[in-house]
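Since the structure comes first, as structure tokens, the remarks are kept for the end.
The residues of the chain are indexed from 1 along the displayed sequence.
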Amino acid sequence: MDQDKFTNIYRLPTALQIRIGRWQQTFNGTSDIVLHNAIEVRNKQFKRPEFLPTGWHVKPFKLDDISITHHGKYIQTAMRTMLDRKVSYKRVYLSRVPFEQAEPALHDYKLEWIKKHNRVANKYNQIKKKQFMRFAYEEVETLYPSIPKGEFDKALWNKLVISELGPAKKFDNPYFVKKACF
């Protein structure tokens with residue numbers, strides 16, 4: 001019985017239990033009929049719009065969550081490149097631009113990046129959730145675990161970036177931001 005591990009469904013000695021975050025529900029019995037009912041209830045929870053499966057989504061950034069750090073000769077903010085989502089840092093050297101102009105410009109730069117990133121992330125999350133739900137519905141039909149471990153799909157992300165924002169040639173930075181004012 002240990003070989004059939006369903007996502008968010010746990011076998012207890014005399015029952016099955018669904019645990020998703022803080023929500024849980026217990027079903028008495030361990031038969032296939034009980035398992036079928038548990039999978040159907042679990043899938044109803046999965047369908048809820050606020051449910052984003054771990055490993056299957058990209059977390060959107062909050063617009064007010066912009067951190068700019070001061071490092072003496074420069075200020076910087078952490079960002080991800082649009083293609084491949086690699087972590088990098090956008091720096092503005094204070095020898096070129098005074099701090100009073102550099103900080104608001106870097107803030108606006110990151111704000112534009114967050115809006116574009118979230119636009120792509122929302123599309124990505126919709127597509128990945130549909131894929132995830134197909135696996136979940138397959139489990140109802142077969143009573144066999146079929147939801148694979150979620151991983152970031154770099155090819156899908158890059159395809160969405162290009163379709164939503166345009167080709168990389170259109171921009172002079174890896175963040176796909178137009179308003180580079182420094």
Partner of Glu164 under side chain to side chain contact (heavy atoms under 4.5 Å, CB included), picked from Met82, Arg119, Lys159, is Arg119
Between Ile66 and His107 the two heavy atoms that sit nearest each other are CD1-NE2, 3.6 Å
Taken in chain and number order and not counting sequence neighbours, the residues that satisfy ring pair (Phe, Tyr, Trp, His ring centres under 6.0 Å) with Tyr124 are Phe152, Trp157
Of all heavy-atom pairs linking Leu94 and Ala102, the shortest is CD2-CB, 4.1 Å
Next on the checklist: Are the side chains of Pro145 and Thr7 in contact, using a 4.5 Å heavy-atom criterion?
Outcome noted: no
Student check: side-chain heavy atoms of Arg80 and Ser88 closer than 4.5 Å: no
Do Phe27 and Gln17 make a side-chain contact, defined as non-hydrogen atoms from C-beta onward lying under 4.5 Å apart?
no
When rounded to the nearest 0.5 Å, the distance separating CD of Glu40 from CG of Leu35 is 10.5 Å
Item to complete: Examine Lys90 relative to Tyr109 and say whether NZ or CZ is less than 6.0 Å from the centre of the six-membered ring and inside a 45° cone about the ring axis.
Response: yes
With no hydrogens and no angle check, just 3.5 Å: does a side-chain donor-acceptor pair link Lys86 and Thr81? no
Would you say the side chain of Ile39 lies within less than 4.5 Å of the side chain of Leu143, judging by non-hydrogen atoms?
yes
Q.
Taking the side chain as everything from C-beta on, heavy atoms only, tell me whether His57 gets closer than 4.5 Å to Phe132.
A. no
Phe51 atom CZ: more than 12 heavy-atom contacts under 6.0 Å
yes
Checklist line | Residue pair Arg11 / Lys5, side-chain heavy-atom distance below 4.5 Å | finding: no
- Query: More than 12 non-hydrogen atoms from neighbouring residues, nucleotides or ligands closer than 6.0 Å to NZ on Lys116, yes or no?
  - Reply: yes
Residue set satisfying ring pair (Phe, Tyr, Trp, His ring centres under 6.0 Å) with His36, at least two apart, ordered chain then number -> none
- Query: Are side-chain heavy atoms of Asn43 and Val140 found at a separation under 4.5 Å?
  - Reply: yes
Q. In terms of ring plane angle, is the pair His70 and Phe99 parallel, tilted or perpendicular, where the classes change at 30° and 60°?
A. tilted
Heavy-atom closest pair (Arg42 atom, Ile18 atom, distance to 0.1 Å) is N-CD1, 3.8 Å
*Validate the cation-pi geometry between Lys178 and Phe171: distance from NZ or CZ to the six-membered ring centre under 6.0 Å, angle to the ring axis within 45°.*
yes
Between Gln126 and Lys123, a side-chain donor and acceptor under 3.5 Å:
no
Exercise: do Arg134 and Gln131 side chains pair donor with acceptor under 3.5 Å
no
| Does any non-hydrogen side-chain atom of Trp56 lie less than 4.5 Å from one of Lys129? | no
Note: Gln24 and Arg19 closest approach over all heavy atoms is OE1-CG, 3.7 Å
